[in-house]
Amino acid sequence: MATLGFSTKWPKNMGGGDTLFVPKIWKGLIDNDLAKWAGQHSEYETWADYSLSAEIIDSEYYKWFSGNTVFVREQNAKLHTMRKDPKGLWVPGRKIHMVVFNRTKNRFQFAPVLKVKSTQEVSIKYKGADKYPVVTIDNKRFTANDRYGVEMLREIAFNDGFNSMDHFFMWFNTNDTYKLIHWTDLKY
């Protein structure tokens, strides 16, 4: 079992405001039919069972999500997350507890316990004064220098919950390696 904590606000240098990660993750779980596999990972058999639990209904996120379903439908779903993983914690089959406000009295687990479906190794390397880096995912290289690379980088950014490719690279703005943690069947 491991906890994945998610930010609720963007840093000021990224414009501030709400990340919308909670409703974006909920959207991804609903769109990917959580009902077919949630029962294998928690006491809830379907997304409906989980979302109707008192804890969720009383949450500010559920109230916001319920009142903004049209807006949420227009947003990209968050289908994975990228994290540094120097200890090799994130492996397929590992249980995920998705939370906001981790390590505070307001800690809130906003999704049923899920399992890591798969992971992918990601390398981000900036060269010189280039605005966009070279991104390598499991030895597949993507750059903003060609149409396919731009399309893939945008897709990765949107699927990670960012508003644009530029927004994604404002967050991941240094040379580093990460693990892409998937809780759906998506892979690049």
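Between S118 and P92 the shortest heavy-atom distance is CA-CG, 4.1 Å. Contact record, Y126 with F172: OH-O, 2.8 Å, taken as the closest heavy-atom pair. Residues R94 and A2 come closest through the heavy atom pair NE-CB, 3.6 Å.
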Give the intermediate values and the outcome of side chain to side chain contact (heavy atoms under 4.5 Å, CB included) for residues V91 and V116. CA-CA 7 Å; V91 295; V116 175; over 6 Å; no
Show the numbers, then the answer: is there a side chain to side chain contact (heavy atoms under 4.5 Å, CB included) between V135 and I124? CA-CA 5 Å; V135 176; I124 297 179; 4.3 Å; yes
Show, in sequence, the C-alpha distance, side-chain angles and deciding distance for F101 and T8, and conclude whether the side chain to side chain contact (heavy atoms under 4.5 Å, CB included) test is met. CA-CA 8 Å; F101 312 119; T8 58; 3.8 Å; yes
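Side-chain contact between T19 and F6 is absent, with no heavy atoms from C-beta onward closer than 4.5 Å. Taking the side chain as every heavy atom from C-beta outward, D18 and K9 approach each other to under 4.5 Å. The side-chain heavy atoms of L29 and W183, taken from C-beta on, include a pair separated by under 4.5 Å. Annotation: side chain of D85 is not in contact with side chain of I181 (no heavy-atom distance under 4.5 Å). Within the 4.5 Å cutoff, side-chain heavy atoms of H97 are placed close to those of V113.
Taking the six-membered ring for Trp and the full ring otherwise, the centers of Y188 and F142 sit at least 6.0 Å from each other.
T81 and R83 share a donor-acceptor pair across their side chains, judged by distance under 3.5 Å alone.
One distance of note links NZ of K115 with NZ of K117; it measures 10.5 Å at 0.5 Å rounding. One distance of note links CD of E121 with CD1 of I137; it measures 11.0 Å at 0.5 Å rounding. Distance check: T177 OG1 to M82 CE gives 9.5 Å after rounding to the nearest 0.5 Å. How far CZ of R141 is from CG of D146: 9.5 Å, rounded to the nearest 0.5 Å. Remark: Q109 CD to I96 CD1 distance equals 10.5 Å, nearest 0.5 Å. Here the straight-line distance linking atom NZ of K187 with atom CG of L79 works out to 15.0 Å at 0.5 Å rounding.
A chain of hydrophobic side-chain contacts below 4.5 Å, direct or via other Ile, Leu, Val, Met, Phe, Trp or Tyr residues, connects M152 to L186. Transitive grouping of hydrophobic side chains (ILVMFWY, heavy atoms separated by less than 4.5 Å) brings V100 and I25 into a common cluster. Following chains of ILVMFWY side-chain contacts shorter than 4.5 Å, one can reach L4 starting from W26, so the two form part of one hydrophobic cluster.
None of T119, D160, N159 except one satisfies the side chain to side chain donor-acceptor pair (under 3.5 Å) rule with H80; the exception is D160.
Checked by atom type and distance alone, the side chain of T3 never pairs as donor or acceptor with a backbone atom of G5 at under 3.5 Å. Of the possible donor and acceptor atoms, none in the side chain of E151 sits under 3.5 Å from a partner among the backbone N and O of L153.
More than 12 heavy atoms of other shown residues, nucleotides or ligands fall within 6.0 angstrom of atom CG in N13.
For residues 103-114, there are no salt bridge (charged side-chain N to carboxylate O under 4.0 Å, His left out) pairs, not counting sequence neighbours.
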Review item, side-chain donor-acceptor pairs of residues 162-171, under 3.5 Å, at least two apart:
residue: N163; atom: OD1; partner: K24; partner atom: NZ; Å: 3.4
residue: S164; atom: OG; partner: D166; partner atom: N; Å: 3.4
residue: S164; atom: OG; partner: H167; partner atom: N; Å: 3.0
residue: D166; atom: OD1; partner: Y132; partner atom: OH; Å: 2.2
residue: H167; atom: ND1; partner: N163; partner atom: N; Å: 3.4

